[in-house]
Structure formats: C-alpha cells, structure tokens
Protein chains: 2
Amino acid sequence: MTADTAPRMTPAARRVLDTASELFYHRGINAVGVDLIAETSGVTKKTIYDRFGSKDHLVMAYLRERDGRWRALVEHHIGAAGPGEAVPAVFDALKEWTAASGDRGCALINARAEITGPNHPVRTLAAEEKQWLLGRFTGLLRAEGAADPDADAVELLLLHEGAVVMNDVGQVTGAIDRARLAARRLVDRA
Amino acid sequence: MTADTAPRMTPAARRVLDTASELFYHRGINAVGVDLIAETSGVTKKTIYDRFGSKDHLVMAYLRERDGRWRALVEHHIGAAGPGEAVPAVFDALKEWTAASGDRGCALINARAEITGPNHPVRTLAAEEKQWLLGRFTGLLRAEGAADPDADAVELLLLHEGAVVMNDVGQVTGAIDRARLAARRLVDRA
DNA sequence: CTGGAAGTATACCGGTCTGTTTAGCTAGGG
DNA sequence: CCCTAGCTAAACAGACCGGTATACTTCCAG
C-alpha cells in the first residue's frame, strides 16, 4: 500500500517531494518557488518538470502523500486502541502528528487558503479528507451503540478541527488534550 | 468608535481598503497584486502607496478593520441576548457573519496560512483575536456560575473554530447550528 | 488668491515567478 | 555494444511582483 501511494519514484523525485513537502508546509505554497525546491533538493529544475510535470502537480503530490500518511497514522491508533478507546485514540494520533509536523496546522486547510481557484483539485481533496474523518467517527460511534452517531460525529469533527487550529494559533494550552477530554465525555454520554 | 478604527480616511483610501478587503478575502493575499487593487478600485498605485505606505500595511489595515467589525458584531449579539443566552448568541453572530462574508473561513487564519514570517504582525493579531474570544467565553461562563469557566471556555472556542473551518470546507450540513447546540448543552451542564 | 493636500496618468526599476530549451554526462540491461 | 532513462548544467522566455519617479490636475481653506 506504500507502493500504491508512491509508485516507483526515482531517487531524485523522492528527494524533490520530500524537500518540497517540508518547504510547502512550513513556508507556504505560493511563497516557495520551483527554483528554491530544486536548489534545496540538489536537483535541476528540468528534473522536477520531467518527474512531476508542473508545480501544481507537485503540490498535489505533496498534499496527497501527506494525507495518506495522516490517514494511516489515524488507522494505526484506532487499531491499537482498546475497547471504547477508539475515539480518544484519534486525538492521540493528532497529538503525535502535530508534535512531528510542527505547529502550522492542517496542510489541506492551509493549501485551501492559498489556492482559491473554485475548481482546483485541492478543494476536492480537502473535502474528501474531512468527509473521511467524519465517516470514521460515525462508524466508531455506531459500533459503540451511540443513539445519534451522525450528529455526534459532526461534533467530534468540530472539536478535532478546532483543536488543530488552536494548537497552531497557540495561546491556548493543551488544546488537543482538551478536545480529547471533551470527545471522551461525548462518547460516554452517547 | 467607528471613527477610531477608521481615522479620517480619504475617499480614495476608503475605496481602496474596501476593494482590497473583498479581493484579499476571496482570492487570497498573495494572489492579489497591488496593480489589481488599484485598477479595481479606480485608483492609481501612487495613491495606494501615499495612503498606506506598503502592501503589508494595507493587508494589516484590512485585517484589523475586519477584526473590529467581527468583534462589534459579537458584542452586539451578546448584548441583545436574553439571560443565559449569551453563549449561543456568539454562534448566532458567527452564522450571520459567515452568511454575509461568504464561505472562505476566518480571514486571520487564512492570512496566517499565507504569511509565514514568524515575526509578522498578522501572527500577533490572530493570537490576540482568539485570546479575546476565549476571554469573552470565560467571562460569560463565570457570570452564569460555571464550575470551571476556563476549561469550558476552551471547549467553546474549539467548537467555534471547528465550526468556522467546517462551514468553509463544506460537506458538513449545519456545522454552525451543530456547534451552537453543543455549546448550549455545555452551558447547561456547567 | 494662493498654497498644500489629494488624486490622475504613465513610465519605469530590479527582482522573482513558472516553465522551456539545448546540450551533455552516466549507468545498467537487452 | 549501444540504447535509453535519469540526471546535471546553464541559459532563456514572458509575465508579474512590489515599489518609485515625474509631471499634471483639481479643489478647498486660510
């Protein structure tokens, strides 16, 4: 399944995508030019365009790969969670994720803020990811016999997205912990 | 108090700030050039630089004015709310705000996504705004005799920020309504 | 009536952006 | 042995960026 999201990538392409991911996430997509990516990854621009076609394709490759890693991490935490602990485990995944990523919030939301084209694939990907998490919450709640899994899943998603934002903006200590606590209380009630 | 946030602005400056606000919010800050603002507002670039000094100053003027309008709207809704209805009223304000603004989420959060400079004033302003809302929630909860106003205020803020994001990304019907409902339940419990 | 503030019009600056092109090097497999 | 994929090197194109300069007009208040 790793080979599926990263299909036979040449060493140079791999290096380009890695450095581009780092640069895009921390400095913003529009603020990072192709020349900088080339120079940082020790590759000529030609190689970038040969492998990825355009900056836009490179951006989407970055977002898709990152999204894939995030989903895998969530699934891993859910799978390792004891009975009745699956929902809080999602927030554990988030805590681990943000600790590793640095505090710049959700890459998809940030990309959406930068790329405003109404038909750009980044919009589809962002909507898809949130829909996936919503569906995941719904399933977990249903499995635990919640009375109204759909409505409660939305509330969990709100807590989750709020935690991502506030963990970024800061000033609020332990936003993710607090969200996890609220999520657990919601599960217990449902 | 309106004259305080908009101190003696010349007609051209007023027009520039209005069109810049619209363009910045809907198309993104980096994607909108000074030339476009000049052309759209029917003003020469010289006028823009005479009035605002730089694009950066214009951006900050846009964000500060917008933030001021948002806070005023929240205060208005809180003031008009009946007893025990102040917290849900904040979410009514948000609903009215997003209905008028269009679905592009929080301007400050979006600006933060675009402008990554660690010392840029946009970071201060964003942190300040969230801190203000957090303090507002805390005050309201304390006035209603909540047991742990600080912790519950954080949870309200998470619901609020989550609602802003999900209302933007869409796919989730009635994110703000759902947040309002959860907020009311939290107030009743506290 | 006169001076200064506000604004228009237009041209220009150096720099950076995405994307392309031409040329040549290297290593591995049929 | 040679062909091709993968890569380096370096220049180039055309557009757009934020910002500045010069010169002219309009209008109101002291």
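A, B, ... follow the sequence lines: proteins, then strands. Residue 1 opens every chain. Everything quoted here is computed from the prediction, not taken from an experiment.
Remark: P of D/dT20 and CD1 of B/I48 are 13 Å apart, rounded to the nearest angstrom. For B/D50 and D/dT20, the CG to C1' distance is 11 Å, given to the nearest whole Å. Rounded to an integer number of Å, the gap from A/E114 CD to C/dT18 P is 12 Å. Rounding to whole angstrom units, OH of residue B/Y49 and C1' of C/dG7 are separated by 17 Å. In this structure, CD1 of B/I115 is placed 12 Å from P of D/dG18, rounded to the nearest angstrom. Residue B/R14 contributes atom CZ, which lies 16 Å from atom P of C/dA6 at whole-angstrom precision.
For B/T47, taking side-chain heavy atoms from C-beta onward, the closest of the listed nucleotides D/dC7, C/dT8, C/dT18 is C/dT8.
Under the side-chain hydrogen bond (donor to acceptor under 3.5 Å, both in side chains) criterion, B/H120 pairs with B/D56, sequence neighbours left out. Remark: B/F137 pairs with no residue by the ring pair (Phe, Tyr, Trp, His ring centres under 6.0 Å) rule, at least two apart or across chains. Applying the side-chain contact (heavy atoms from CB on, under 4.5 Å) rule to A/A183 yields the partners A/V87, A/F91, A/L156; only residues at least two apart in sequence or on another chain are considered. Remark: A/R189 pairs with A/D152 by the side-chain hydrogen bond (donor to acceptor under 3.5 Å, both in side chains) rule, at least two apart or across chains. Remark: B/E39 pairs with no residue by the salt bridge (Lys or Arg N to Asp or Glu O under 4.0 Å) rule, at least two apart or across chains. B/E144 meets the side-chain hydrogen bond (donor to acceptor under 3.5 Å, both in side chains) test with no other residue; sequence neighbours excluded.
With respect to the salt-bridge test (charged N to carboxylate O, under 4.0 angstrom), the residues B/E65 and B/R14 qualify. Under 4.0 Å is where a charged nitrogen must lie from a carboxylate oxygen, and between A/D188 and A/R184 no such pair does.
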Side chain to side chain donor-acceptor pair (under 3.5 Å) evaluation trace for A/R66 with A/S101: CA-CA 10 Å; A/R66 190 180 164 92; A/S101 286; 3.1 Å; yes
Could you walk me through whether B/V32 and B/H26 pass the side chain to side chain contact (heavy atoms under 4.5 Å, CB included) test, one step at a time? CA-CA 10 Å; B/V32 171; B/H26 289 104; over 6 Å; no
Output one letter per nucleotide in nucleotides 22-30 of chain C: B when a protein non-hydrogen atom lies under 4.0 Å from the base, S when only the sugar-phosphate is that close, - when neither is. BB-------
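Residue pairs meeting the salt bridge (Lys or Arg N to Asp or Glu O under 4.0 Å) criterion with at least one partner in residues 94-107 of chain B, sequence neighbours excluded, are B/K95-B/D177.
Comparing the local axis fitted to the first five base pairs of the helix from C/dC1-D/dG30 to C/dG30-D/dC1 with the one fitted to its last five gives a bend of 0°, rounded to 10°.
Residues of residues 15-45 of chain A that place a heavy atom closer than 4.0 Å to DNA chain D, in numerical order, are A/G42, A/V43, A/T44. Listed in residue order, the members of residues 51-63 of chain B having a heavy atom less than 4.0 Å from DNA chain D are B/S54, B/K55.
For the 3.5 Å distance criterion, the side chains of B/T44 and B/T47 qualify, holding a donor opposite an acceptor.
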Taking only distance into account, with no hydrogens and no angle test, what donor-acceptor pairs under 3.5 Å do side-chain atoms of residues 122-129 of chain A form with protein atoms, sequence neighbours excluded?
| residue | atom | partner | partner atom | Å |
| --- | --- | --- | --- | --- |
| A/E129 | OE2 | A/W70 | NE1 | 2.9 |

